[in-house]
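Inspection log for the structure reproduced underneath, given as structure tokens.
Only a predicted model underlies this, so the values are computations on that prediction, with no experimental measurement involved.
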Amino acid sequence: MCTWEGRYSVFASFRSDFLLSWSLSSQTSLTPACRYSVRVSPQMANRIVDSARSILNKFIPDIYIYTDHMKGVNSGKSPGFGLSLVAETTSGTFLSAELASNPQGQGAAVLPEDLGRNCARLLLEEIHRGGCVDSTNQSLALLLMTLGQQDVSKVLLGPISPYTIEFLRHLKSFFQIMFKIETKPCGEELKGGDKILMTCVGVGFSNLSKTLK
């Protein structure tokens with residue numbers, strides 16, 4: 001398996017009951033990705049794949065992009081296309097990026113070539129940002145830490161997205177949870193952008209509907 005030249009790396013480990021402890025320790029490669037389209041020409045697939053490869057093949061050659069073309073009754077009534085790219089670390093952590101065309105009649109038309117290149121650049125941005133969770137799923141990791149058992153949980157993130165900042169405010173309002181935030185500048189061990197170590201103690205949330213034995 002070819003590794004990413006940027007030598008970006010992550011390690012993730014789960015403990016039961018949402019206790020999280022995520023840190024860095026491996027390298028990144030690309031996993032099979034998926035290009036999908038509905039009610040459009042199948043040629044759109046090749047145009048998206050070729051444009052995405054024009055960016056990603058500059059780093060590694062073994063990139064696999066599968067196509068999923070739907071037509072007829074199974075495709076619904078909304079034509080469109082999109083691309084989902086995933087990078088996997090050697091320790092099994094996934095970082096992803098996804099783009100889709102605008103719905104018919106909403107916004108400007110998107111060319112398949114532009115969509116493929118932009119999605120590839122988004123994936124490279126996620127890898128450069130680093131951390132154990134991509135920017136789209138930062139809030140999910142923080143929510144699991146908040147709802148976890150009453151013990152210390154940690155996760156190493158890349159730069160926090162604006163959505164995550166607002167989400168942290170909601171966590172404080174609903175659960176009275178505040179995270180300890182430590183900045184980890186990039187260096188010999190941490191590649192790419194500056195990292196942020198998030199630490200909290202969970203509220204010990206439990207399912208009230210769970211059958212007691």
Considering non-hydrogen atoms only, spot the tightest contact between [X] and [Y] and give its length.
X	Y	result
Ser51	Gly116	OG-CA, 3.3 Å
Ala97	Cys119	O-SG, 3.6 Å
Ile177	Cys200	CG2-CB, 4.3 Å
Lys172	Met178	CE-SD, 4.0 Å
Leu123	Leu95	CD1-O, 3.7 Å
Ala45	Thr67	CB-CG2, 3.7 Å

Once rounded to the nearest 0.5 Å, what's the spacing between atom [atom1] of [X] and atom [atom2] of [Y]?
X	Y	atom1	atom2	answer
Asp62	Leu56	CG	CG	11.0 Å
Ser101	Ile48	OG	CD1	8.0 Å
Thr183	Lys195	OG1	NZ	12.0 Å
His69	Ser41	NE2	OG	7.0 Å
Met44	Leu111	CE	CG	8.5 Å
Ile63	Asn57	CD1	CG	4.5 Å

Please work out whether the ring planes of Phe174 and His170 are parallel, tilted or perpendicular, with thresholds of 30° and 60°.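 If you compare the ring of Phe174 with that of His170, the planes turn out perpendicular.
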
Group every Ile, Leu, Val, Met, Phe, Trp and Tyr by side-chain heavy-atom contacts under 4.5 Å, then state whether Leu142 and Ile165 land in the same group.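 Yes, Leu142 connects to Ile165 through the hydrophobic network.
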
Going only through I, L, V, M, F, W and Y residues with side-chain contacts under 4.5 Å, is there a path from Phe167 to Ile181?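 The answer is yes; both residues are in one hydrophobic cluster.
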
Determine whether the side chains of Ser96 and Glu126 contain a donor N or O and an acceptor N or O closer than 3.5 Å.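 Short answer, no.
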
Any residue meeting salt bridge (charged side-chain N to carboxylate O under 4.0 Å, His left out) with Asp114, in chain and number order, not counting sequence neighbours: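 Counting only residues at least two positions away or on another chain, Asp114 forms a salt bridge (charged side-chain N to carboxylate O under 4.0 Å, His left out) with Arg117.
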
Who pairs with Glu98 by salt bridge (charged side-chain N to carboxylate O under 4.0 Å, His left out), at least two apart in sequence or on another chain?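 Glu98 satisfies salt bridge (charged side-chain N to carboxylate O under 4.0 Å, His left out) with no other residue.
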
Quick one: are Leu99 and Val110 in side-chain contact, heavy atoms under 4.5 Å?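 No, too far: nothing below the 4.5 Å cut-off.
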
Beyond-backbone contact of Phe175 with Leu147, side-chain heavy atoms, under 4.5 angstrom: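 Sidechains of Leu147 and Phe175: in contact.
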
Under 3.5 Å donor-acceptor, Gln138 side chain and Leu157 backbone: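 Flag not set: sc Gln138 to bb Leu157 has no pair under 3.5 Å.
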
Please lay out, stage by stage, how Leu83 and Ile65 fare under the test side-chain contact (heavy atoms from CB on, under 4.5 Å). CA-CA 9 Å; Leu83 176 64; Ile65 303 179; 4.1 Å; yes

Would Thr146 and Phe179 count as a side-chain contact (heavy atoms from CB on, under 4.5 Å) if you check the C-alpha gap in whole Å, the side-chain angles of each, and the deciding distance to 0.1 Å? CA-CA 9 Å; Thr146 300; Phe179 283 77; 3.6 Å; yes

